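See below for the structure under consideration.
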Amino acid sequence: MSYNQFLEEIRVAVQEILGRGYDIQIQQIRKNNGVLLDGLIIGKAKNSVAPTIYLNSYYMDYSQGKSIDKILEDIMFIYKENSDVNLGEMKKLLDFSNLKDRVAFKLIQKEKNQELLKEIPYFEFLDLAVVFYLLLDENHRGQMTALIHNSHMEQWGLTIKELSCFAKKNTPVLLPPEIRTMEEVIRDIFTKQLSEFSDDLFEDLFGMDQSNPSIYVLSNKNQINGAVCILYEDLLKHFAEEQKSDIIILPSSVHETLLILDRENLKYEELKEMVSQINQSEVPEEDMLSNSIYRYERNMEHIVIVKVE
């Protein structure tokens, strides 16, 4: 069946499963970088919070042979797993005093989010935009977040400067930073896949010298929206002082950045080309941050865009 037929069949089926007292709708929702996703919104009577389950990937599963029954089973499992989240009454959400400790910020690309940026508070950072969200709930299944819109700012009577102060304070506490060597990251990936993976085998396969790492991965503890860690107060300052080097920052995605010590033999043109190619071929459109590369200059204690001819 066509994509639109698939969406309607899922909507009708979920409505039949849940029955009266539920309002099931399909709504197109704008995500990062202008990506539009189709969300199944499951509204329940007397409940102001309506969970959204995105269906785009499910249609891909259907196209590859997954049955409608199995897809419905997965959707209902996700809904039931998350339906016990208690966000309180709507009046609590309208009272900013209940939310001020949950305000966080993240980095997105400015150029590809012009339409979204018309609707939300933000401030510019180089060729990027810093935007704000609420980290409402967090458990082993992931995070429940809500992007802060201009309408929220009006309800709360807040300025962007005030919102920034809360986010600057909260984000490193809610989402502590983590810097690991690339070797450690690769080791974790392989040890999760191979339970009997040994250190000797790792060295044989990759020949990596842990005593002199050259590439580091910066994110937060959850590896979600972790690229903004480059804005955490004094984080890059302390790292650069420890390494006695300026730091080249490669925007791997909105979730993480790669940190490379700025040595004399670095070829910026090749690094920029590598970032562009990886963004084009490996990073989902919604997760792409930038094709630029950046440098933290430890003498000036700031980040600049690296100009490449």
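From a predicted model like this one, the values you see are computed outputs, not experimental measurements.
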Presence of salt bridge, [Y] and [X], under 4.0 angstrom:
X    : Y    : result
E8   : R11  : yes
D74  : K66  : yes
E297 : R295 : yes
K110 : E124 : yes

- Considering all heavy atoms, the nearest R298-A240 contact: CB-CB, 3.9 Å

- Message: On a heavy-atom basis, which atom in P172 and which in P177 lie closest, and how many Å separate them?
- Response: O-CD, 4.2 Å

- Identify, with sequence neighbours excluded, every residue that meets ring pair (Phe, Tyr, Trp, His ring centres under 6.0 Å) alongside Y54. none

Any side-chain donor-acceptor pair under 3.5 Å between [X] and [Y]?
X    : Y    : answer
S219 : Q223 : no
S292 : D127 : yes
E282 : Q277 : no
Y59  : D38  : no
N220 : N225 : no
Q5   : S2   : yes

- Query: Between F132 and F123, what is the ring plane arrangement, given parallel below 30°, perpendicular above 60°, and tilted in between?
  - Reply: tilted

- What pairs of residues pass the ring pair (Phe, Tyr, Trp, His ring centres under 6.0 Å) test when at least one of them lies in residues 223-257, not counting sequence neighbours? Y216-F239

- Message: Taking salt bridge (charged side-chain N to carboxylate O under 4.0 Å, His left out) as the cut-off, I'd like each qualifying pair that reaches into residues 113-122, sequence neighbours left out, listed once.
- Response: E115-K118

- Query: Atom CD1 of I247 and atom CG of L250: how far apart are they, to the nearest 0.5 Å?
  - Reply: 11.0 Å

- Message: Quick check for you: to the nearest 0.5 Å, what is the distance between D287 atom CG and I108 atom CD1?
- Response: 12.5 Å

- Message: Please determine whether side chain to side chain contact (heavy atoms under 4.5 Å, CB included) holds for the pair L18 and I24, giving the CA-CA distance in whole Å, both sets of side-chain angles, and the decisive distance to 0.1 Å.
- Response: CA-CA 9 Å; L18 293 176; I24 315 300; 4.0 Å; yes

- Less than 6.0 Å separating the ring centroids of Y62 and Y3? no

